[in-house]
Amino acid sequence: MKLPSRSKAYMIPEYSLTGDLLSFLTCNLQYRYQNKGTLPPSKPVQRWFGEFIHGVMEEAFIQWKHNKTEFPWDWKEDIRPIEDLIDLRLQTRGLYPHDEDLFFSILNQPDNDLTIDDLNEHDHKKLASARAEKAINIWGKHLFPLIDSSELMIKGIRNMPQYDENRSRSNYYGINGVVDVLTSMKINKTLEQSNLDNYNNKIIEILKKDPQFQEKIKNTDEEDYEIIIDYKGMKRPPIEVNDPKSENKWESHKQQILTYSWLRSKQEDSKTIFAGIIFYLNELVPSKEDLMLIKDEMKNGLIDEETLEKYENDFNLIDKWQEDDKAPELSDDFKLGRSIRIINIDEDEIEKSLEKFDEVVYNIEESLIKEIKGCKIQDAWKAEADERTCTACDFKTFCKKNKNKPKEFKIP
Ligand code: SF4
């Protein structure tokens, strides 16, 4: 009797929207070293903060759902334990904050006898803590009552772009992501409650003023709809970029939300998705670096006239501000307005985003196949990024982009 041979292992490559799409677009070679290699970045601050603030908001929502603690939350009592928990979770994955960004995790120090009561104002004002507090007390208060599902895993499958049976690794690829979802039911319930309690929900207020969102509500027969939420641990990106080597983050974030909405629409219990909301949480407490970037954007004409006019005073303050000065006192309107972005969900735009995602997957697969066939890493992956990304990159000392650069010699 002839025994059947085991069939070849069938593997569908999986790509995530944040870990792969956005990361590959930032720099192909850095993505290869960070995501497909064995070298964890030493202190990827941007990545640490992004994951930290995401985790803090998710955990804060879970605690709010169970305890319904009234806002504003006390930093020491209510917020610091959440920071600690998320910090420890990230440490197990090799992600650590800079000392100036977050108080060290108390639970992780077996030899010291500090307790939460030893935390002081200085620790409270560390950047990550200050942002976590504002994010929870400013946006959490309005957002949490509207959330129907948090940390929803969304997955989908697509044909492998330019599939070639002799070359491609698989005829399909998977996309995944995690989102929070708001529903019209929760929005309507909060609206009723708002009328009773005379309280204005800022997110509902902003959606009411959004012409494209209102147009959708007007022109639909559907009673139920959904809104997809994402948090970004970064400042609001400029609408355009001058440097062709820089990724256009404004566009990539929109594509991310549109792809999420396609993925969500494939799930059985989903309703029509009317909009996406992105929170740029650095805007609530901008760092010096964020302020310098805003200054540059103003100088290079990357902020539109309407926005410049709307927040004229705040932009004037930033323009006059110098790096060694105390941070300017920016208005709450400015901080709130810049920290929220509504994305219109449109079928044609979704199609374009999916094509873009296919293109990125094709490029990643091409580089991977080159490497599998023996091409050197630095020849298989493109080393192209803006100056800021390269300056913070752990791989700059051996990156081919810097090979031909003259070495800087410092005179002692
Ligand atoms: S130094 Fe710049 S080009 Fe080279 S891997 Fe790092 S980010 Fe990419």
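Owing to the predicted nature of the structure, the values given are computational and were not obtained by experimental measurement. For reference, positions follow the sequence shown, starting with 1. Atoms considered below: every heavy atom in the structure, side chains included; atoms not considered: hydrogens, waters and symmetry mates. Order of listing sets the numbers, starting from 1, for every ligand and every atom in it.
Distances from atom 4 (Fe) of ligand 1 show that Cys390 has no N/O/S atom below 2.8 Å.
Every atom of ligand 1 is numbered from 1 in the order shown, and the set under 4.0 Å from a heavy atom of Lys396 is 1 (S). Residue contact check: Cys399 has heavy atoms under 4.0 Å from atoms 1 (S), 3 (S), 4 (Fe), 5 (S) of ligand 1. Those atoms of ligand 1 that come under 4.0 Å of a heavy atom in Ala385, given as number and element, are 7 (S). Residue Lys401 has at least one heavy-atom neighbour below 4.0 Å for each of these atoms of ligand 1: 3 (S). Applying the 4.0 Å criterion to heavy atoms of Cys27 picks out, from ligand 1, the atoms 3 (S), 5 (S), 7 (S), 8 (Fe).
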Practice prompt. Apply the test side-chain hydrogen bond (donor to acceptor under 3.5 Å, both in side chains) to residues Gln91 and Asp87: give CA-CA distance (whole Å), side-chain angles for both, the deciding distance (0.1 Å), then the verdict.
Written response: CA-CA 6 Å; Gln91 284 182 26; Asp87 182 19; 3.3 Å; yes
Item to complete: Please step through side-chain hydrogen bond (donor to acceptor under 3.5 Å, both in side chains) for the pair Asp20 and Tyr31, ending with a clear verdict.
Response: CA-CA 8 Å; Asp20 295 289; Tyr31 162 79; 2.5 Å; yes
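The aromatic rings of Phe71 and Trp64 sit parallel to each other, their planes meeting at less than 30°, with 60° as the upper class boundary. The aromatic rings of Phe52 and Trp48 lie parallel to each other, with less than 30° between the two planes, well short of the 60° mark. Between Phe274 and Phe213, the ring planes lie perpendicular to each other; the angle is over 60°, past the 30° to 60° tilted range.
For the pair Ile138 and His142, the tightest heavy-atom approach, listed with the atom from each and the gap, is O-CD2, 3.0 Å.
The protein non-hydrogen atom at the shortest distance from atom 6 (Fe) of ligand 1 is Cys393 SG, 2.4 Å.
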